[in-house]
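Please read the structure below before turning to the comments.
Side chains are part of it too, since the values below use all heavy atoms of this structure and drop only hydrogens, waters and symmetry mates.
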Amino acid sequence: MIIEMLPYIREFAGQTVVIKYGGNAMIDETLKQSFARSVVLLKYVGINPIIVHGGGPQIGQMLKALNIESHFRQGLRVTDDATMDVVEMVLVGKVNKEIVNLINLAGGRAVGLSGKDGMLIRAEKKELAISRDDAPTEIIDLGKVGEVTSIETSVLKSLMGIGVIPVIAPVGVDDLGNTYNINADSVAGAVAGAMRAKRLHLLTDVPGVLDKDKKLIPSMTSTQAFQAIENGVVVGGMIPKLQCVLEAIMAGVEKVHIIDGRVENCVLLELFTTCGIGTEITR
């Protein structure tokens, strides 16, 4: 296995790899430990990992405990002021620090960040419009749901320059200081593009991109990914993931991998083996 890894270690040494961490890999204790060790191993062989994490289930649990009702539109959580306070508390104060602690206990040096730290993630309010053939376009107010406008790369480069692994919570801020809840896939794509990452890995709870017969598509181009969205081959939560993939590739990311976070050591299997796992999307 080590001999098989050698050419890949040589290829990726000194390169940046952005990993969106979410799904069951954030819940199952064995997978959590495995993920932390994998991230530390990447650092020790000369690769620069950046972690962007989600936390939807944890946010949902806290909102329920506080008797704050959640509403979703087009898969996005409508975020009023009270919900935004909970989102920030859970993502930045709880989930982020748990991931940092796991990586540090595994032998790494991780630091947790939100978009407010060093103005890392600049954002603006996300506009959602739904068009229907038989009705006027509906404009949906999602509250404090945002989208990335820019990434302050100097913050990340400074930390990476002293051997630190950045762990980013997907909370952004605008020029007026307003805080926004941002989709973690979108933040990961934006960070990967801004950092000119060699690879972007999106951990999911499915084997990868599936065709209409529910069979894994091991490799596809960005054009094929776009066509899969347009032709209805992919549905549901895979659509925003592929949209994120396309944006990242357009921004300069060499390859993006959508991989099954339920597989132990999935990041290492994708980076360091010939066959890999999941779906690889290239330019």
Side-chain angles (χ1 to χ4, degrees), residues 16-66 84-118 120-121 151-152 155-173 179 181-185 187-188 191-192 195 197 200-205 259-271:
T16 297
V17 173
V18 176
I19 305 168
K20 187 269 177 167
Y21 179 46
N24 199 56
M26 286 182 64
I27 300 171
D28 182 276
E29 288 299 325
T30 300
L31 294 176
K32 286 162 65 174
Q33 298 292 336
S34 168
F35 177 79
R37 289 193 297 269
S38 295
V39 170
V40 173
L41 176 60
L42 294 182
K43 193 67 179 178
Y44 272 114
V45 298
I47 298 169
N48 298 311
I50 299 175
I51 313 304
V52 178
H53 65 83
Q58 294 89 334
I59 292 169
Q61 290 171 6
M62 183 61 71
L63 288 170
K64 185 176 181 180
L66 296 173
M84 187 66 238
D85 287 343
V86 174
V87 167
E88 189 169 12
M89 176 178 67
V90 172
L91 289 181
V92 181
K94 185 175 187 293
V95 176
N96 186 273
K97 301 313 173 190
E98 287 177 352
I99 298 168
V100 167
N101 191 45
L102 281 170
I103 294 172
N104 290 342
L105 289 174
R109 293 176 60 210
V111 168
L113 302 165
S114 80
K116 291 182 174 180
D117 295 310
L120 173 62
I121 305 173
I151 300 292
E152 181 52 67
V155 176
L156 299 174
K157 289 176 181 177
S158 295
L159 290 171
M160 293 161 66
I162 58 172
V164 169
I165 301 168
V167 180
I168 303 171
V171 173
V173 63
T179 307
N181 177 23
I182 310 176
N183 177 273
D185 290 328
V187 172
V191 169
M195 293 296 292
L200 167 61
H201 286 182
L202 303 177
L203 272 61
T204 71
D205 285 339
I259 57 179
D260 193 342
R262 300 168 300 178
V263 176
E264 194 170 353
N265 301 317
C266 60
V267 173
L268 302 182
L269 290 170
E270 181 54 61
L271 273 181

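- Taking CG from Asn104 and CD1 from Ile99, the interatomic distance works out to 12.0 Å, rounded to the nearest 0.5 Å.
- Val18 and Ala197 get closest at one heavy-atom pair: CG2-CB, 4.0 Å.
- Minimum interatomic distance between Leu102 and Ala36 (heavy atoms only, all atoms of both residues): O-CB, 3.6 Å.
- For residues 31-55, the set of pairs meeting the salt bridge (Lys or Arg N to Asp or Glu O under 4.0 Å) definition, not counting sequence neighbours, comprises Glu29-Lys32.
- Contact of the Ile19 side chain with the Val52 side chain is not registered, since no non-hydrogen atoms from C-beta on lie closer than 4.5 Å.
- Side-chain contact check for His53 versus Ile168: every heavy-atom pair is 4.5 Å or farther apart.
- Annotation: side chain of Val171 is in contact with side chain of Met84 (closest heavy-atom distance under 4.5 Å).
- Leu113 places a side-chain heavy atom less than 4.5 Å from the side chain of Leu156.
- At least one side-chain heavy atom of Val40 sits less than 4.5 Å from a side-chain heavy atom of Ile103.
- Under a 3.5 Å cut-off, the side chain of Asn265 and the backbone N or O of Leu268 do not form any donor-acceptor pair.
- Here Asp260 contributes atom CG and Glu270 contributes atom CD; the two are 11.5 Å apart, rounded to the nearest 0.5 Å.
- Residues Ile151 and Leu120 meet the side-chain proximity criterion, which asks for heavy atoms closer than 4.5 Å.
- Counting heavy atoms from C-beta outward, Ile165 and Leu42 have side chains that stay 4.5 Å or more apart.
- The CG atom of Leu31 sits 8.0 Å away from the SG atom of Cys266 when rounded to the nearest 0.5 Å.
- Between the Asp205 side chain and the Gly23 main chain, no donor and acceptor come within less than 3.5 Å of each other.
- Atom CD1 of residue Ile47 and atom CG of residue Leu271 lie 5.5 Å apart, to the nearest 0.5 angstrom.
- The closest donor-acceptor contact from the side chain of Thr179 to the backbone of Val173 lies at 3.5 Å or more, if one exists at all.
- Counting all heavy atoms, side chain and backbone alike, Gly261 lies closest to Ala25 at O-CB, 3.4 Å.
- Rounded to the nearest 0.5 angstrom, Gln33 CD and Leu105 CG are separated by 8.0 Å.
- Considering NZ of Lys94 and CE of Met62, their distance stands at 6.5 Å, rounded to 0.5 Å.
- Across every non-hydrogen atom of Ile162 and Arg109, the tightest pair is O-NH1, 2.8 Å.
- Asn96 is not listed as a side-chain neighbour of Ser114, based on a closest heavy-atom distance of 4.5 Å or more.
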